[in-house]
Amino acid sequence: MASPDLVVRIGGEGGEGVISCGEILAKAVARGGLNIHAFRTFPAEIRGGLAVFQLRASHGPTRSLKQDLDVLCAFNQEAYDTYVDIIKDDGALCYDPELCTPDERLKGKSSFEMPLDAISREVTEGTRAKNMVAVGAMIRLFDIPLELAQNAVAEWFDAKGDKVVAMNQKAAEAGWHHSDEHFKPLHRSFERHPERDQILVTGNEAAALGALAAGVQFVPGYPITPATPIFEFLCKELPKFGGQAIQFEDEIATLAAGIGASFAGKRVLTATSGPGLSLMSETLNLASMAECPLVIVNVMRGGPSTGLPTKTEQSDLKFAIYGTSGESPRCIMAPFDIYDCFWQVIRAFDIAEKYQMPVILLTDQALAYTSMNIPRPELGVFEPVKRLAPPLDTEREGFQRYANTESGVSPMPIPGQHDLPYMGTGLEHSETGAPNYTPDNHEMMTAKRFRKLKTLGKHIVQEPSEEVEPEGAEIGVIGWGSTYGAIREAIEMLDEQDGVKVAHLHPRILSPLHEWRIRRFLGPLRKLIVPEENYTGQYAHFLKGKFGIKPIEVHKCRGMPFSAEELYRAIKEEL
Amino acid sequence: MASPDLVVRIGGEGGEGVISCGEILAKAVARGGLNIHAFRTFPAEIRGGLAVFQLRASHGPTRSLKQDLDVLCAFNQEAYDTYVDIIKDDGALCYDPELCTPDERLKGKSSFEMPLDAISREVTEGTRAKNMVAVGAMIRLFDIPLELAQNAVAEWFDAKGDKVVAMNQKAAEAGWHHSDEHFKPLHRSFERHPERDQILVTGNEAAALGALAAGVQFVPGYPITPATPIFEFLCKELPKFGGQAIQFEDEIATLAAGIGASFAGKRVLTATSGPGLSLMSETLNLASMAECPLVIVNVMRGGPSTGLPTKTEQSDLKFAIYGTSGESPRCIMAPFDIYDCFWQVIRAFDIAEKYQMPVILLTDQALAYTSMNIPRPELGVFEPVKRLAPPLDTEREGFQRYANTESGVSPMPIPGQHDLPYMGTGLEHSETGAPNYTPDNHEMMTAKRFRKLKTLGKHIVQEPSEEVEPEGAEIGVIGWGSTYGAIREAIEMLDEQDGVKVAHLHPRILSPLHEWRIRRFLGPLRKLIVPEENYTGQYAHFLKGKFGIKPIEVHKCRGMPFSAEELYRAIKEEL
Amino acid sequence: MSETAFKVKDYKSDLKPIWCAGCGDYGAINPFYQALVENQLDPKDTVIVSGIGCSGRFPYFCDTYGFHGVHGRAVPTAAGMKIANPELNIFAVGGDGDGLGIGGGHLPHVARKNVDITYILLDNSIYGLTKGQSSPTSPLTMTSKTAPYAYVEEPLNPLAMLLAYGASFIARGFSGKPKDLKALFSQAIQHKGFSVVLIFSPCVTFNKQITFKTMNEIVKPSPEDWDRSNRLAAMEKSLDTDSYWTGVVYQDERPTIHQRVAEITERVGRYNNFKELIDKFA
Amino acid sequence: MSETAFKVKDYKSDLKPIWCAGCGDYGAINPFYQALVENQLDPKDTVIVSGIGCSGRFPYFCDTYGFHGVHGRAVPTAAGMKIANPELNIFAVGGDGDGLGIGGGHLPHVARKNVDITYILLDNSIYGLTKGQSSPTSPLTMTSKTAPYAYVEEPLNPLAMLLAYGASFIARGFSGKPKDLKALFSQAIQHKGFSVVLIFSPCVTFNKQITFKTMNEIVKPSPEDWDRSNRLAAMEKSLDTDSYWTGVVYQDERPTIHQRVAEITERVGRYNNFKELIDKFA
Ligand SMILES: Cc1ncc(C[n+]2csc(CCOP(=O)(O)OP(=O)(O)O)c2C)c(N)n1
Ligand SMILES: Cc1ncc(C[n+]2csc(CCOP(=O)(O)OP(=O)(O)O)c2C)c(N)n1
Ligand code: SF4
Ligand code: SF4
Ligand SMILES: [Mg+2]
Ligand SMILES: [Mg+2]
């Protein structure tokens, strides 16, 4: 079956313009009315190393990265060497003969000369516009009018003035003509819907937009790859909603400031990644103990330690759940695609505020740096969940901030608003907040705090997980986070190519476990497959601990997301 | 069956001398040739709150705290109010009628007036020696010659000069006479062995002694209850072994300095507790990634957050295993009694150095602040395990510090000793230590690091765990850490009182799991009980995840250790 | 004053301080209550944030809002509170270990942000709560449980440090002089920007070297006509370690972070609705 | 020099620096190699510890032992290395974010310990590696990715801070003047105690406000007869923010922590064997 998709990978040295080339391309193609899935991966250095932009476009859904390439656009030899093997048999290479020499590894696949440097030199003064030549050359493949690319080029270089814009547009045009003349066999024709009203965002942007939609008021931050863009975005946009995004000196101060602001009644979010979350460990515990709501978006990267800052991994799950001393409740969530990043941040706020606890939302580098066209989110009449306030007639004397309620949730006054001064504290405390280390009190308060998770657990029973449960499926897949798209496509491939029905459950709230729902899903299954982008199978370990099952674990710990093909093969092996 | 033990609890306001009274008593009783188990609990404040010292003595083994009291020695009303209910029916209260008024809750148990303040005033100038009056009064009960108490008093007040010593001895003597005259029914007679050559140490002291025995060279530290005494001890004694114990400004600097010293070839230990370990999270990960050996003794206290600093809990297990971002190997151990603290620190060093990874040893406040008489540790011919050094003829060019070996362990040169400069690093790296983020390399190096855990796992198969497996036992208990004594005594009670045989396994290495051994233990059992001093059942959750079993979990989250009686009842319920 | 004015009793909580008898911290909290009275801060609008230590118990004894966080983080917690909710009166309180050791890295940044909070540092040159270890201000000559033979680090000079950080109000006092302290607290409260009151507050239980007595011998009130705006002169004073100069050592007026943020918010304007932002991604 | 003397090539590693063309850090590493040659430090006895940042890549380009730790912890890591193994020559290297932001809390303590290491701070007033956010030394007038409209914090003054901390050797240089840097490195290496070389090292990619050009305009070598032992005079210089005074600004000689520890070890003596200690618990 011929793929309805076109998958193009551009590779070159970091700093050479690979990424800007891809960004412009993606924008133009999405506006041209195709669905896209655009993935970036960088070296962790400012200069040197391989930078990659992969654009997949289709009139059908584009839920995942694809592994095999229709076109490899190699800016240098390293890009060729690294990726020549994943060009499809009917795929092609586009390369600059000055910078790259194809060899026998091409195995008869087609190849096209694309003299980027030469064309750039010809139409502009130097080779700096080579990546725009590539923009023009590639846009032609997708059957997108040159005009759309030119608009995107203009937007990209807007701040640099008309001259720069004009020069780059010239380069793009030259690239287009080169392609038009020489790349005929590569040109596709698509059913396009340019009239759609969609937006094009990365996972990071979607999360930041979600925070703004949720009414975030205070965003303390400290830069860390790959979470930095969320903070940078909010530094730019939050002031225009009247809130403050403030840089602190480290992640400890960042979270401490967040707790302070939360205590003071504000909706707080911060975004970080592994090493930053590690530094927050002690302070995070304080938020659980003092019962201060806040949202942490943890954009997972390759670990451990400094690890692979610009690569992806799903390896912070256990740390998010257990990552601090003693036992304190937190809610751990994972959005499963870019659109979901937007909505799950909003939901994370609701849970944090309602249950007065930190919520950690696990996204990852792949989601964060992937852009897709998504429906324009319509907020409608939006009612953010409010913290439980003390009743109006609450007496100051003997007020119990940490009252041992049935739900576990206690009334939380706000300084300046309520005349109910109390002590928020990380020491074990009585219902009023006074230090209390007696055995009975500790037992009671621990139970109270954990009861909030139980209440939340009951509450999520009614909420939808993302799922498909075809009649008669004997094999099921449970995944979490950004693997959603690849799993879904793999299941579609199994259905279409092999006529096998596979069930799929993808919970968004990972802890507390959505126990009842998972149990129901497991019911009819003969085999369960749990794919994760980590080494030890973290979610699978949980499921085993809880349900006494032995799933087939599929691990990938290579800094890259699963492709649908990989999962297709992994599931097929188990049939 | 009459208990062969005498259990005395002294309670009073923090700062009133309860603890010094108990310490002197314990020393004298141990030297008098009885086995003792002496437990302390403090308020987290410097002044005020209830301080408690409990001394259990016997000619048989004294493996645990006992729950029920033969004698409550109440220095004030609060001590009486809090503990009157746990005096045994045939037990007694000793109290100062000026400070405490017994009431109907005594339910006909005997009571004895012990006018501490008055006697102190009589024989010295004021009431400051009241706790020494109590020393004298109590020592009489244990059938210990007054002289031994007087020696202990003299040692305690040695630094304060002869006058102070004399005054306190006078008070002790007066207490002894008061007891001799009025407390007849309370006096026990024991089979004593004063000739034994034993030592009296707390768990903290045993751990610190173990570190010295293991040849620790560098101890960076930051005070935190209840781990502080380990650091203080080493500040005093390590210089006399030629090493350095140095205070740093926080736990992050502490561990960073430790990693530096480890890289520089030294044997490094630091001691901390929950909040401190939380702060170390990021740096700990670096030690795993850069493969620097070091030992962390984490003395668990009541959590979460600042929690209950002076109380006990076994709630840092999951944090110790998973407490940092990404996936990195560490070894987690738990000694099961005071003697074991000594030996397991030595073993922790061996594992750390051999496998080039951090080892976290989980003790807890109960172990740390309990003293017992233990055999004098004989080191014999002691050969500490050395790190794998590069072979003598290793070439400088192309040297692979992180060579992908079969065991996972790679040669580690030491600056100044080997001319093999390399980069230790927290970034993902190639075998030489150069940054490398390629998928293949990350997969290989992750596997290499985790292979060290596998190799260790194979190695521990041959090592003994602490276990009893009586023929025909259908019920078993798996515990970890300081619950050992209480479990063992509970099992003895079941045997003696109910004729029921119960098996018991108590692994010292908790992660990696001692899989084969546990599986064998589980084999013949019908029921498994896993008691833990935490709220969620952390070790049980692991066992469930690994073995697909459903143990009966017994949780206690009250800041106090299990007593044998509690466990006896818990097990009996399951018969 | 009106009938409804707040009195000392309105600021005292029901919890009786658990400090040792004679602890310097009593000498600090009493004038603090009085300064609150003098400035009539509404307890409902006031938060006292503290770190861990004997000194960290301070807010429990005040009938305002309070927050007892983790060790060393009082200052950034208070800063977040104030930046997010500038209507509140915010204090941070902590010891020398808390504020200059584990939490010392935060001070430069709150100072340069000029967050409008008042930080009270109760310095006893010892770790009190953990029972007597060396602290960042312990003198070289002092032994302790972690320096049983001699200390191996020079003490820090918090006054010089805060001057170098550019804190906009720095006062120094002594809990043996509670009357002076009240005046210093009052001025710190009135200052717009980051104000610090450094208080030497003896630990009678664990610090036998620096005591009320030894401090009384070296305390020197700054001259009446002291020029608070002269940073270099203040630095010179800070280097005089034979005396302990008290009073407001330095003060300057410059925008607080809140003012700077407000100016930006004003300048960039507001979106009319969320859609306006979303449109940028179309 | 003998035939076996170490040359620059002996200090250069096989890895080619990955800094952007024109990055200030090239201007620092070259004189650093030369200073190593001048002092003939044996690569086998030398460790360079770094934090995270573009500057943190420094040790990869040196053929000595190196340690690339986590963000902000180069200085305490190096301190531990040196205290535990005083035979080694230890350097710590990092950026302004690494050393003054996240790691800023460690500096006062390494300074007061007077650990005999050399700390090289490559200040570019920006976060380079993470692509252009404000740093603790970014000026108020500078916009960045995290201060898109204006920065809201005053820059820190690292020179004044280190003086307040009592660092025993403080030099300031500029990577646009590599020759001067070599001399500063050499003196820092020779100093016994904590030596700091503050280097302004422009980020040509992300900092468009403070550049080689603007720096060249304000760099002022200290006068030849500058009295290094005068801390107050040095403070005065540090307050002159219109000029950038270079040279060794301050130096004093006092015992290092290692000397103090050695003195204690000497004084307290040694146990003959482990049993001697155990006996105390009998
Ligand atoms: C992360 C962490 N490390 C260590 C501790 C233990 N601790 C509690 S208070 C304290 C120091 C107290 O000294 P200081 O700040 O001077 O306050 P003081 O008691 O003297 O008022 C320490 C080390 C802790 N609570 N948290
Ligand atoms: C705990 C942690 N937080 C954040 C980061 C991300 N990070 C890497 S380098 C850096 C700042 C670099 O700035 P600077 O120290 O000035 O070095 P430069 O790149 O400018 O040389 C940051 C924030 C990290 N690696 N670790
Ligand atoms: S220990 Fe010292 S600081 Fe703490 S309360 Fe007692 S006197 Fe005050
Ligand atoms: S980004 Fe700046 S600091 Fe980093 S290498 Fe490039 S020029 Fe140097
Ligand atoms: Mg103190
Ligand atoms: Mg920088």
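The chains referred to below are lettered A, B, ... by the order of the sequence lines, with proteins before strands, and numbering in each begins at 1.
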Going by distance alone, is a donor N or O of one side chain under 3.5 Å from an acceptor N or O of the other, for [X] and [Y]?
| X | Y | answer |
| --- | --- | --- |
| Asn285(B) | Thr324(B) | yes |
| Glu313(A) | Gln365(A) | no |
| Ser563(B) | Gln67(B) | yes |

Is any side-chain heavy atom of [X] less than 4.5 Å from a side-chain heavy atom of [Y]?
| X | Y | result |
| --- | --- | --- |
| Gln356(A) | Lys452(A) | yes |
| Leu361(B) | Ile296(B) | no |
| Tyr539(A) | Ile478(A) | yes |
| Met300(A) | Leu362(A) | yes |

Options [options], ranked by heavy-atom pairs under 4.5 Å with chain B, top entry:
| options | answer |
| --- | --- |
| Met445(A), Glu428(A), His442(A) | His442(A) |
| Glu327(A), Arg449(A), Glu443(A) | Glu327(A) |
| Gly326(A), Gly274(A), Gly559(A) | Gly326(A) |
| Leu50(A), Asn534(A), Thr310(A) | Asn534(A) |
| Ser315(A), Ala290(A), Gly276(A) | Ser315(A) |
| Asn441(A), Leu286(A), Thr306(A), Asn436(A) | Thr306(A) |

Closest-packed option against chain A by number of heavy-atom pairs under 4.5 Å, given [options]:
| options | value |
| --- | --- |
| Ala540(B), Pro435(B), Ala287(B), Gly323(B) | Gly323(B) |
| Pro309(B), Pro43(B), Cys557(B) | Cys557(B) |
| Ser288(B), Ser281(B), Ala320(B), Ser328(B) | Ser281(B) |
| Gly548(B), Pro304(B), Gly545(B) | Pro304(B) |
| Thr82(B), Leu317(B), Leu279(B) | Leu279(B) |
| Gly302(B), Pro275(B), Ser273(B) | Pro275(B) |

Quiz item: With under 30° as parallel and over 60° as perpendicular, where do the rings of Tyr402(B) and His429(B) fit, or are they tilted in between?
Solution: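 Rings of Tyr402(B) and His429(B): tilted, 30 to 60°.
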Practice problem: Please work out whether the ring planes of His541(A) and Tyr322(B) are parallel, tilted or perpendicular, with thresholds of 30° and 60°. | Solution: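 Ring orientation, 0 to 90° scale: perpendicular.
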Let me know if [X] has heavy atoms under 4.5 Å from chain A in its side chain, its backbone, both or neither.
| X | value |
| --- | --- |
| Lys318(B) | both |
| Gln314(B) | neither |
| Asn298(B) | neither |
| Leu427(B) | both |

Self-check item: Contact origin within Ile252(A) toward chain B - heavy atom pairs under 4.5 Å
Solution: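 Only the side chain of Ile252(A) comes within 4.5 Å of chain B.
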Quiz item: Quick one: are the ring centres of Phe39(B) and Tyr369(B) less than 6.0 Å apart?
Solution: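 Centroid separation for Phe39(B) and Tyr369(B): 6.0 Å or greater.
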Exercise. Can you see which heavy atom on Glu566(B) is nearest to which on Pro561(B), and at what distance?
Key: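 That closest heavy-atom pairing would be OE1-O, 4.0 Å.
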